[in-house]
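Below is one structure, written out as structure tokens, with a few remarks after it.
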Amino acid sequence: MSTNILDELEWRGLIAQSTDRNALRSELDGPDPLTLYCGFDPTAPSLHAGNLVPLLTLRRFQQAGARPIVLAGGATGMIGDPRDTGERTLQTADVVAEWASRIRGQLERFVEFDSSPTGALVVDNLDWTGGQGVLEFLRDVGKHFSVNVMLGRETVKRRLAAEGMSYTEFSYLLLQSQDYLRLYREHGCRLQIGGSDQWGNIVGGVELIRRVEGGTAHALTVPLVTDSEGRKFGKSTGGGNIWLDPEMTSPYAWYQYFVNVADADVGRYLRLFTFLSLDEIEALEKDIAERPHLRAGQKRLAEELTTLVHGEHHTRQVVAASQALFGRGELRELDAATLDAALAEIPTVTARLTEQPTIVDLLVNSGLTDSRGAARRTVNEGGAYVNNTKISDEAWHPSESDLLHGRWLVLRRGKRNLAGVQVVRS
RNA sequence: GGCAGGUUGCCCGAGUGGCCAAAGGGAGCGGACUGUAAAUCCGUCGGCUUAGCCUACGAAGGUUCGAAUCCUUCACCUGCCA
């Protein structure tokens with residue numbers, strides 16, 4: 001098995017921290033495929049863009065000849081990993097189970113399942129934690145953890161300095177450590193990867209394996225991605241997460257998010273999120289430096305990621321829609337089929353001409369603004385457009401001649417928030 | 001269980017009886033510039049049938065012509081003590 005994977009992860013900027021690199025390298029050099037795992041807790045009904053970094057890293061390892069285990073955190077999701085911002089709200093068992101199964105379905109799409117030695121495994125930690133007794137847990141796992149050490153963890157220190165932390169969240173480390181031990185025993189798993197915020201939890205497992213089994217296991221974390229402003233990656237401009245689930249974030253919105261990545265971030269994102277070679281990435285970076293307005297890097301990044309998550313078919317559609325809607329040409333010049341296809345990718349509503357809906361009505365009904373007040377503000381600020389023509393009168397309403405191909409209005413708020421209005425008669 | 005401090009809009013945070021839909025900052029949103037970028041500057045930023053009305057300062061009650069501000073009870077958080 002090739003150990004180049006570590007070198008590749010290095011140049012991609014995918015290694016935040018790791019246990020002894022040389023020991024890990026010899027582990028990868030062994031005769032059998034290395035087994036590694038990464039866990040994903042169901043804290044929402046879908047994975048988000050940020051989860052892609054560890055998930056794709058798992059896939060990179062598999063392509064390099066390792067065997068990946070993806071773990072859905074049906075148990076750990078019931079507890080909640082302590083975070084700096086404060087105590088989490090517990091979800092009911094039903095909700096966690098529902099989210100876990102949805103996330104599991106998403107995880108399965110990113111690794112290969114086959115009967116070869118590197119074929120992936122999917123597990124759920126609820127399977128071995130659900131029926132476990134408290135006394136057993138406290139004696140077999142808890143006894144190996146020092147509270148002194150746990151209190152020294154960064155997240156714990158920060159939480160104790162602020163609003164405190166429940167015993168439940170404090171216990172999270174033990175659960176995740178137990179998972180690693182379990183997978184070490186059952187599947188010979190020798191490496192756990194995760195986001196850099198998971199370092200303490202992963203090392204907890206490494207320690208546990210050493211104490212209980214006298215064995216050596218490894219830890220490797222990938223960076224938590226932030227943009228050049230230091231903002232957490234994967235937050236849409238509106239502040240919400242961008243999700244893998246197409247019902248929660250449409251393929252069009254997903255593509256648009258990446259097309260809009262700042263120049264300063266593109267090269268780094270191409271390394272972190274795509275499987276392009278270093279040569280290809282450097283060529284794109286050169287292009288961005290020389291001809292930034294073409295946004296070749298952003299477009300490639302968006303295409304790669306849309307294909308990865310939604311497939312080639314959807315990528316072709318959203319690329320075509322983006323070209324039609326953001327192209328230099330007049331919307332009026334688009335033929336009916338192109339316009340229909342483009343509008344199919346963005347939110348649309350219907351309206352009746354006879355009801356004389358105003359621009360304010362249209363903005364609200366299409367979801368482009370949250371309230372009538374916001375819609376009026378948008379119009380008064382000069383940010384409302386119909387068919388690329390600015391509308392500055394709150395009372396404006398469409399007439400027959402405004403319709404594209406007899407039935408469409410293309411509504412826009414600001415530079416890039418679009419919605420289609422299908423106008424029906426009667 | 002006792003004592004002390006706290007709970008304000010998306011977030012942080014000021015406000016101790018009227019001038020408070022509530023300072024300031026951040027985020028967000030719109031505009032200008034540009035390249036569907038960044039930076040910068042300007043504007044905006046609870047809702048509505050918008051010269052007015054409604055909702056809102058942890059919850060419920062009370063005092064008052066008038067309460068985010070005072071009183072009572074409750075909930076939660078933090079610290080110290082038991």
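Naming convention: chains lettered A, B, ... in sequence-line order (proteins, then strands); numbering from 1 in each chain. Bear in mind that the values here come from a model prediction, so they are computed numbers and not experimental data.
Between the P atom of B:G30 and the OH atom of A:Tyr385 lies a distance of 10 Å, rounded to the nearest Å. Atom-to-atom, CZ of A:Arg416 to P of B:U34 comes out at 17 Å; the value is rounded to the nearest Å. The CZ atom of A:Arg413 sits 7 Å away from the P atom of B:C29 (whole-angstrom rounding). To the nearest angstrom, C1' of B:A38 lies 11 Å from NZ of A:Lys415. If you measure from atom CZ of A:Arg268 to atom P of B:A38, you get 15 Å, rounded to the nearest angstrom. Nucleotide B:A37 holds its P atom 18 Å from the CG atom of A:Asp287, rounded to whole Å. Atoms CZ (A:Arg295) and P (B:A38) sit 8 Å apart, rounded to a whole Å. In this structure, CG of A:Asn241 is placed 15 Å from C1' of B:C10, rounded to the nearest angstrom.
The ring-ring contact (aromatic ring centres under 6.0 Å, His included) check on A:Tyr180 picks up A:Tyr37, with sequence neighbours excluded. Annotation: side chain to side chain donor-acceptor pair (under 3.5 Å) contacts of A:Ser277 (sequence neighbours excluded): A:Glu280. Checked against side chain to side chain donor-acceptor pair (under 3.5 Å), A:Ser177 has no partners two or more places apart in sequence or in another chain. Qualifying side chain to side chain donor-acceptor pair (under 3.5 Å) partners for A:Glu207, counting only residues two or more places apart in sequence or in other chains: A:Arg210. Under the side chain to side chain donor-acceptor pair (under 3.5 Å) criterion, A:Thr315 pairs with A:Thr307, not counting sequence neighbours.
Across all their heavy atoms, A:Gly73 and A:Asp41 have their closest contact at CA-OD1, 3.5 Å.
Here the side chain of A:Arg104 pairs no donor or acceptor atom with the backbone of A:Gln106 at under 3.5 angstrom. Looking at A:Thr129, its side chain does come within 3.5 Å of a backbone N or O of A:Asn125 through a donor-acceptor pair.
Spacing of C1' atoms, B:A68 relative to B:A14, comes out at 12 Å, to the nearest Å. Straight-line distance between the C1' atoms of B:C20 and B:U55: roughly 15 Å, to the nearest whole Å. The separation of B:A75 from B:A59, taken at their C1' atoms, amounts to 7 Å, rounded to a whole angstrom. Look at the P atom in both B:A21 and B:C45: the space between them is 15 Å, to the nearest Å. Comparing B:G5 with B:C10, their C1' atoms sit 26 Å apart, to the nearest whole Å. Annotation: B:C71 and B:U16 have their P atoms spaced 14 Å apart (nearest Å). To the nearest whole angstrom, the two P atoms, one in B:A67 and one in B:C57, are 13 Å apart. Going from the P atom of B:G62 to that of B:U69 covers 15 Å, rounded to whole Å.
Applying the salt bridge (charged side-chain N to carboxylate O under 4.0 Å, His left out) test to residues at least two apart or on different chains, the pairs with a partner in residues 389-399 of chain A are A:Arg376-A:Glu394. Listed by first and then second residue, the salt bridge (charged side-chain N to carboxylate O under 4.0 Å, His left out) pairs involving residues 337-346 of chain A are A:Asp340-A:Arg407 (not counting sequence neighbours). Legend: ring pair (Phe, Tyr, Trp, His ring centres under 6.0 Å) pairs involving residues 285-321 of chain A, not counting sequence neighbours, sorted by first then second residue: A:Trp254-A:His310.
Comparing A:Met165 and A:Val364 against RNA chain B, the residue whose closest nucleotide sits nearer the 5' end is A:Val364. Positionally, the nearest nucleotide of RNA chain B for A:Gly414 lies more toward the 5' end than for the other of A:Gly414 and A:Pro292.
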Using distance only, find each side-chain donor-acceptor pair of residues 137-151 of chain A under 3.5 Å and give its atom names and separation, not counting sequence neighbours.
| residue | atom | partner | partner atom | Å |
| --- | --- | --- | --- | --- |
| A:His144 | NE2 | A:Asp140 | O | 3.3 |
| A:Ser146 | OG | A:Asn148 | N | 3.2 |
| A:Ser146 | OG | A:Val149 | N | 3.2 |

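If you check every strand for non-hydrogen atoms under 4.0 Å, A:Thr369 touches nothing.
Looking at residues 370-379 of chain A, you'll see A:Ser371, A:Arg372, A:Gly373, A:Arg376, A:Arg377 sit with a heavy atom under 4.0 Å from some atom of RNA chain B.
Under 3.5 Å, the side chain of A:Glu381 and the base of B:G43 form at least one donor-acceptor pair of N or O atoms. Residue A:Asn380 places no side-chain atom within donor-acceptor reach of the base of B:G30, judged by atom type and a 3.5 Å distance cut-off alone.
For the pair A:Arg59 and A:Phe275, the cation-pi test (distance below 6.0 Å, angle within 45°) is passed.
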Dot-bracket pairing map - RNA chain B, Watson-Crick plus G-U, both contacts under 3.5 Å, | cross-strand: ((((((((.[[[..)..(.....]]].(((((.......))))).(((...)))...[[[[[..)....]]]]]))))))).
Between N or O atoms, less than 3.5 Å apart, protein on one side and nucleotides 80-82 of chain B on the other: list the pairs.
none

